[in-house]
There are 2 protein chains.
Amino acid sequence: MDVDAIKRTLEGSGLRCTPQRYAVMAFLMEHPKHPTAAEIFQAVNRLDPRSSRATIYNNLSDLVRAGLVREVAVEGRAARFDAKGMRHHHFICDRCGNVEDMEWYDVPKPASGSLGKRVLRECELIFRGLCTKCAPRHASR
Amino acid sequence: MDVDAIKRTLEGSGLRCTPQRYAVMAFLMEHPKHPTAAEIFQAVNRLDPRSSRATIYNNLSDLVRAGLVREVAVEGRAARFDAKGMRHHHFICDRCGNVEDMEWYDVPKPASGSLGKRVLRECELIFRGLCTKCAPRHASR
DNA sequence: TGAACTAATTAGATTATATCTAATGTGAAA
DNA sequence: TTTCACATTAGATATAATCTAATTAGTTCA
């Protein structure tokens, strides 16, 4: 993924391509491992320019609002972030909280009767269990 | 739901029926509105006996561990709790964060090939959008 | 160009949420 | 009873995220 492509992606969503915002977006695209805000903060600050914590959070929320990034809430843990590429679902590990991508399935839509006056934006499928690292240790919990 | 039924439910899961634990479980069963820990804390303390914050969290995590209660993480907000009754999915409001129940649909299971060594425990479907209260105000955001 | 405006960034304070600690209380079983 | 594991407590602490007020950078357009 080259610099201009990221720049165009940001600007296509009405976001200025600042060095800090670029760094956040590029990191998310290059590391599809669903990092936390703290991990992104550390990672982008290993390079220049330095970003403050507030900037990381500001930019993440701009990117989420623009629909370029997804925020994944995990019970009892910091939120994870995920550049939206191909459609996919998530697997969340009960033990370590890590989030992994799962292939996409079409999801059953609720009957419009059961939606009432609600406005549906999206459906998301979450698989839960033990990830590859944690499964072998299952017994030792 | 009478006292003995809750008592039996707790003890059937290996949990002592203490007044505080009973109060948390009874509140969740009587108020299927997915309250936060803070809301549960306030509500059960309107009655006797008083519970400390730590007790609320301890009991919630005992109940979750026992499989009697579900914790629902919501991005940017406090977790919600939900006594597991009939199987159902959730609708989470983008605007106010409230969680509502949706009817149950069978969910597509991943092919075992795509699971690898992961151990699947459950699949959960989350619908997102605007709830009945927030939908009319959509434009005014 | 450069004045004026708007968006973005910053360090650090603050808030919100949840967990931990160490002391105390409680109930069941021997 | 005595004992022991479980449960509860107040308050301290930890963690995650947001806010504040000042500053900097980028854009617009006269």
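For the numbers below, each heavy atom of this structure counts, side chains included, while hydrogens, waters and symmetry mates do not. Reminder, nothing fancy here: chain letters follow the sequence lines and each chain counts from 1.
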Query raised in the report: Considering only side-chain heavy atoms of Arg16(B), which listed nucleotide, dT17(C), dA5(D), dA17(D), is closest?
Result: dA5(D)
Report summary line: Heavy-atom closest pair (Val99(B) atom, His34(B) atom, distance to 0.1 Å) is O-ND1, 2.9 Å
Query raised in the report: side chain to side chain contact (heavy atoms under 4.5 Å, CB included) between Glu100(A) and Arg118(B): does it pass, once the steps are laid out?
Result: CA-CA 11 Å; Glu100(A) 300 172 352; Arg118(B) 286 180 279 230; 2.3 Å; yes
Query raised in the report: Just how far, in rounded Å, is C1' of dC6(D) from OH of Tyr22(B)?
Result: 21 Å
Query raised in the report: In whole angstroms, how far is the P atom of dA7(C) from the CG atom of Asn58(A)?
Result: 14 Å
Report summary line: Whole-Å distance, Leu15(B) CG to dC6(D) P, equals 12 Å
**Report entry** Between dA17(D) (P) and Phe41(A) (CZ): distance, integer Å
**Finding:** 13 Å
Query raised in the report: Got His90(B) and Leu125(B) here, is their nearest side-chain heavy-atom distance under 4.5 Å?
Result: no
Query - Below 4.0 Å: OP1/OP2 of dA18(C) and any side-chain N or O of Tyr57(B) - result: yes
Report summary line: Of the listed dT19(C), dT9(C), dT10(C), the closest approach to the Arg21(A) side chain comes from dT9(C)
**Report entry** 5' precedence on DNA chain C between Asp62(A) and Ala54(B) (nearest-nucleotide basis)
**Finding:** Asp62(A)
Query raised in the report: Between Gln20(A) and dT10(C), does any side-chain N or O lie under 4.0 Å from OP1 or OP2?
Result: yes
**Report entry** Atom-to-atom span, CG of Leu10(B) to P of dA7(D) - whole angstrom
**Finding:** 11 Å
**Report entry** Phosphate OP1/OP2 of dA25(D): any Thr18(A) side-chain N/O under 4.0 Å
**Finding:** no
**Report entry** Euclidean distance, atom CG of residue Asn45(A) to atom P of dT9(C) [Å, nearest integer]
**Finding:** 12 Å
Report task. For Leu60(A) and dT9(C), give me the distance from atom CG to atom C1', rounded to whole Å. Result -> 14 Å
Query - Geometric class of the His89(B)/Trp104(B) ring pair [parallel <30°, tilted 30-60°, perpendicular >60°] - result: parallel
Requested in this report: Might you point out which heavy atoms bring Thr36(A) and Phe81(A) nearest each other, and give the distance in Å?
Outcome: C-CD1, 4.4 Å
Query raised in the report: Going by heavy atoms closer than 4.0 Å, what residues in residues 66-81 of chain A are next to DNA chain D?
Result: Ala78(A), Ala79(A)
**Report entry** Ala73(A) versus Ile92(A), closest heavy-atom pair with distance
**Finding:** O-CD1, 4.4 Å
Report summary line: In short, Val69(B) meets Lys84(B) closest at the heavy-atom pair O-CE, 4.1 Å
Query raised in the report: Is any side-chain nitrogen or oxygen of Arg53(B) closer than 4.0 Å to OP1 or OP2 of dG11(D)?
Result: no
Query raised in the report: Is Thr55(A) touching bases, backbone alone, or none of the nucleic acid, heavy atoms closer than 4.0 Å?
Result: base
Requested in this report: Would you mind classifying the nucleic acid contact of Ser51(B) as base, sugar-phosphate or nothing, using non-hydrogen atoms under 4.0 angstrom?
Outcome: sugar-phosphate
Report task. Let me know the distance between CZ of Arg50(A) and P of dT23(D), rounded to the nearest Å. Result -> 21 Å
Query raised in the report: Counting only heavy atoms not in Arg121(B), do more than 12 sit closer than 6.0 Å to its CZ atom?
Result: yes
Requested in this report: Could you tell me whether the phosphate oxygens of dT9(C), OP1 or OP2, come under 4.0 Å of any side-chain nitrogen or oxygen in Asn59(A)?
Outcome: yes
